[in-house]
Amino acid sequence: MTTLKSDFLRILTERGFIHQGSDMAGLDALAAKGEAVAYVGYDCTAPSLHVGSLISIMMLHWLQATGNKPIALMGGGTTRVGDPSGKDETRAIRTIAEIDANKDGIKTVFTHFLKFGTAKTDAVMIDNAEWLAPLNYIEFLRDVGRHFSVNRMLTMDSARMRLEREQELSFIEFNYMLLQAYDFVELARRHGCNVQMGGSDQWGNIVTGIDLGRRMGTHQLYALTCPLLTTSSGAKMGKTAAGAVWLNEAQLSAYDYWQFWRNTEDADVGRFLRLFTTLPMGEIQRLAALQGAEINEAKKILATEATALVHGLAKADAAAATAQKTFEDGTLATDLPTIEVPLSDIQNELGVLAAFVTAGLVKSNGEARRQVAGGGLRVNDTVVTEEKAKLRSSDIGRDGVIKLSLGKKKHVLLRPV
C-alpha cells in the first residue's frame with residue numbers, strides 16, 4: 001500500500017491491528033479528513049466483555065483519538081438470535097431481561113476508552129434492538145432477504161464450518177448474517193456510519209453488509225478487521241485455565257487482571273504493548289528489546305498500563321504494589337483478593353479441599369486433590385501434602401487471615417469473621 005495519509009490507519013498498521021480491509025485507499029482518504037464513522041458490534045451474551053474484545057475496543061479508541069467518530073453497537077436485538085461464528089453448537093437463548101442486564105454490565109467498560117457526547121467526534125452507544133425488534137418478518141424478507149443468495153451464505157465460514165463438522169445450524173442462526181448486514185445499513189442511514197470493524201472471523205458478515213448497502217442505496221461502506229489473537233504458545237487470547245479474563249471488576253478483580261498481563265509470555269510482550277497500551281512506539285520498542293530477567297520489568301509495565309486503561313491508574317498501581325509485596329518482598333499483602341468465611345468453620349476444622357473451592361482457586365474437590373498430588377496447594381506458604389488436611393484456628397495469622405495459594409501466582413486470603 002502507498003504511504004498512508006491518515007493517522008488512524010498509520011497507527012493501526014504500525015501497532016499490528018489490521019488483518020484485512022476493503023478499499024483501503026478510500027478508507028484512508030476518509031479517515032484523513034476526519035470523516036470515518038465506524039462501528040463495532042458487541043452481543044450481550046454475558047454481563048461483561050473479556051479481553052478477546054479488547055482489540056476492537058482499542059480500534060475504536062484510536063479512531064476517536066485521530067479525529068474520527070466511533071459507534072459502540074450493543075446487540076440487544078442480535079443477541080436474541082445468536083452469532084454462529086466460531087461456534088460448534090447453538091448459543092443458549094437468553095431472555096430479554098437477561099440480555100438487558102448483560103447490556104448494562106457491558107456498557108460500563110467503554111467509558112474508560114471513549115469519550116461520549118454530542119460533538120462531532122464524540123462516541124455514541126446504540127442498541128440494534130431499536131430497529132430489529134419492531135421488524136415485520138414478511139416485510140424484512142421482501143425488502144432485505146431478497147438480496148441474499150442462500151448458495152453464497154452457505155460458503156461463509158460461520159455456516160460452512162458448522163456444516164462440515166456435521167454440527168446443527170439452526171434456521172434462527174442462519175438469519176444472523178442478514179441481521180448484521182441490516183445493522184450496517186441502518187447505522188449508515190441513521191448515523192452516517194461508513195465503516196464496520198471487527199474480528200477477522202466477521203469478514204464475511206461485514207462484506208455482506210457492504211453489498212447490502214450497495215443494493216439498498218447507501219453511501220459507500222468499508223470493512224476493516226483485526227486478527228483473532230492467540231498467544232505465542234497457541235492459546236486463545238482471553239482464556240485461562242481459571243476461565244475468561246473479564247473486563248468488569250465484578251467478574252474479575254483488578255489484581256487478577258493485572259496478574260493476567262504480568263504472566264504474558266516473553267515472545268508476546270512487544271505485540272501486546274503495541275495492541276493493549278497507549279505507550280509511544282519508541283518506548284514500546286525499548287521495552288520489547290529487553291532480554292533475560294529484564295523482560296519482567298516490561299511485563300510489569302504492560303500489566304500496569306493495560307490495567308490502568310480498564311480499571312484506572314490507582315487500582316493498577318495498587319495491584320502492582322500487591323504483587324511486589326507478595327512475590328518480591330516476601331511480605332503478606334493484605335489487599336490480595338479476600339474471601340470472608342465464618343469463624344466457626346475454622347474452629348470446626350474446615351477441610352483444606354473445601355477451603356480452596358470456597359476461595360475460587362479450584363472448581364471442585366477433585367481438582368483440589370489433583371493439585372495436592374502435584375504439590376500445587378499451599379496454606380500460609382506451606383505445601384499441602386494430605387488431602388484430609390484441615391484449617392484450624394492456629395492457622396490464622398497475626399493479620400487475621402489465612403493465605404491460600406495455588407502455584408506461585410494465585411493467592412487468596414481467607415478472613416474468618
Side-chain angles (χ1 to χ4, degrees), residues 11-18 50-52 54-55 58 226-245 247 252-333 335-337 361 371 374-378 381-383 403-412:
I11 289 172
L12 260 56
T13 299
E14 68 183 7
R15 287 180 175 263
F17 281 94
I18 298 176
H50 57 70
V51 296
L54 196 53
I55 186 168
M58 290 299 295
C226 54
L228 294 180
L229 283 190
T230 57
T231 64
S232 293
S233 62
K236 186 176 181 180
M237 184 69 181
K239 299 288 185 180
T240 68
V245 182
L247 301 182
L252 187 74
S253 71
Y255 173 78
D256 285 335
Y257 190 78
W258 190 95
Q259 278 294 328
F260 167 75
W261 295 105
R262 170 62 181 84
N263 293 334
T264 293
E265 297 173 29
D266 291 2
D268 290 326
V269 171
R271 182 166 56 128
F272 288 179
L273 282 165
R274 290 192 296 274
L275 292 170
F276 302 116
T277 78
T278 57
L279 287 173
M281 286 299 295
E283 175 66 0
I284 290 173
Q285 289 163 1
R286 183 189 72 79
L287 292 169
L290 296 176
Q291 300 292 324
E294 288 186 331
I295 195 70
N296 289 323
E297 294 306 310
K299 292 181 183 182
K300 292 175 194 175
I301 291 171
L302 166 63
T304 299
E305 292 289 329
T307 303
L309 283 176
V310 174
H311 296 290
L313 184 58
K315 289 183 179 179
D317 285 342
T322 296
Q324 172 82 22
K325 294 176 187 176
T326 304
F327 301 117
E328 298 178 33
D329 299 344
T331 58
L332 180 63
D335 47 354
L336 283 168
L361 288 167
Q371 290 291 344
L377 302 186
R378 299 197 308 280
D381 297 323
T382 299
V383 175
K403 181 183 177 185
L404 304 184
S405 304
L406 171 63
K408 297 180 179 180
K409 298 292 180 73
K410 295 191 72 69
H411 310 275
V412 170

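Please read these numbers as outputs of a predicted model, since none were measured by experiment.
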Any pair counted as ring pair (Phe, Tyr, Trp, His ring centres under 6.0 Å), so long as it reaches residues 287-308, sequence neighbours left out: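 Listed once each, the pairs would be none.
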Summary of ring pair (Phe, Tyr, Trp, His ring centres under 6.0 Å) pairs that have at least one residue in residues 291-326, sequence neighbours excluded: Tyr257-His311
Distance-only donor-acceptor check, side chains Thr231 and Glu265, under 3.5 Å: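 Indeed, the side chains of Thr231 and Glu265 share at least one donor-acceptor pair under 3.5 Å.
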Testing the basics here: between [X] and [Y], what is the closest heavy-atom pair and its distance to 0.1 Å?
X	Y	result
Ala319	Ala254	CB-O, 4.1 Å
Ala298	Val269	CB-CG1, 3.9 Å
Thr304	Ala320	OG1-CB, 3.8 Å
Leu302	Trp261	CD2-O, 3.9 Å
Phe17	Pro227	O-CD, 3.2 Å

Heavy-atom donor-acceptor pair, Lys315 side chain to Thr307 backbone, under 3.5 Å: no
Side-chain (Arg15) to main-chain (Thr277) donor-acceptor, under 3.5 angstrom: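 Yes; judged by distance alone, with no hydrogens or angles, the pair exists.
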Close side-chain approach of [X] and [Y], heavy atoms under 4.5 Å:
X	Y	answer
Arg262	Asn296	yes
Leu229	Arg271	yes
Ile55	Phe276	yes
Leu406	Leu377	yes
Arg378	His411	yes

CZ-CG distance between Arg274 and Asp268, expressed to the nearest 0.5 angstrom: 10.0 Å
Spacing of Leu275 atom CG and Leu54 atom CG [to the nearest 0.5 Å]: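 Output value for this atom pair is 9.0 Å.
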Without placing hydrogens or testing angles, list every side-chain donor-acceptor pair under 3.5 Å for residues 280-293, not counting sequence neighbours.
unit_1 : atom_1 : unit_2 : atom_2 : d
Glu283 : OE1    : Arg286 : NE     : 3.1
Glu283 : OE2    : Arg286 : NH2    : 2.9
Gln291 : NE2    : Ala289 : O      : 3.4

Chi angles and distances behind the side-chain contact (heavy atoms from CB on, under 4.5 Å) call for Met58, Leu309: CA-CA 10 Å; Met58 290 299 295; Leu309 283 176; 4.1 Å; yes
